[in-house]
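The block underneath contains the structure these notes are about, expressed in structure tokens.
We use all heavy atoms of the structure for the numbers below, so side chains are in, but hydrogens, waters and symmetry mates are not. Worth saying up front: this structure is predicted, and the values here are computed from it rather than measured.
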Amino acid sequence: QGHYLLTRLWGMAGIGRNGHGGIAAVYSGSLPIESMRSRIAKMRHPGNAPPMRALPLAFVADDGLLVQLARANADSTHPHVKARA
């Protein structure tokens with residue numbers, strides 16, 4: 001938890017990674033997923049979690065299904081056009 005606090009403090013100062021660990025608040029129950037999705041949808045830089053977890057989609061042979069799954073993956077937590085892989 002200390003590392004998270006330090007990351008947030010540096011982020012507020014405009015230094016380092018900003019937004020790291022946003023899903024942690026959802027997992028801990030302190031923030032509903034819909035609130036996080038709503039906030040991310042309005043961000044200028046929404047993050048890169050969807051492309052980071054999209055590797056298994058490389059094994060989908062059907063292009064149409066691949067696009068559908070990639071968009072669903074991104075929109076599940078980062079509903080923003082810049083966050084779609």
Identify each donor-acceptor pair in which a side-chain atom of residues 57-72 lies under 3.5 Å from a protein atom, sequence neighbours left out, and give them as a table.
residue : atom : partner : partner atom : Å
D62     : OD1  : G64     : N            : 3.0
D62     : OD1  : L65     : N            : 2.6

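Considering only residues two or more places apart in sequence or on other chains, M43 meets the side chain to side chain contact (heavy atoms under 4.5 Å, CB included) condition with R39, I40. For S28, the side chain to side chain contact (heavy atoms under 4.5 Å, CB included) partners at least two apart in sequence or on another chain are S30. Take S76 and apply the side chain to side chain contact (heavy atoms under 4.5 Å, CB included) test, not counting sequence neighbours, and it matches R53.
Judged by distance alone, the side chain of H80 and the main-chain N or O of K82 form a donor-acceptor pair under 3.5 Å.
The salt bridge (Lys or Arg N to Asp or Glu O under 4.0 Å) pairs that include a residue from residues 28-37 are E34-R37, where partners are two or more places apart or lie in different chains.
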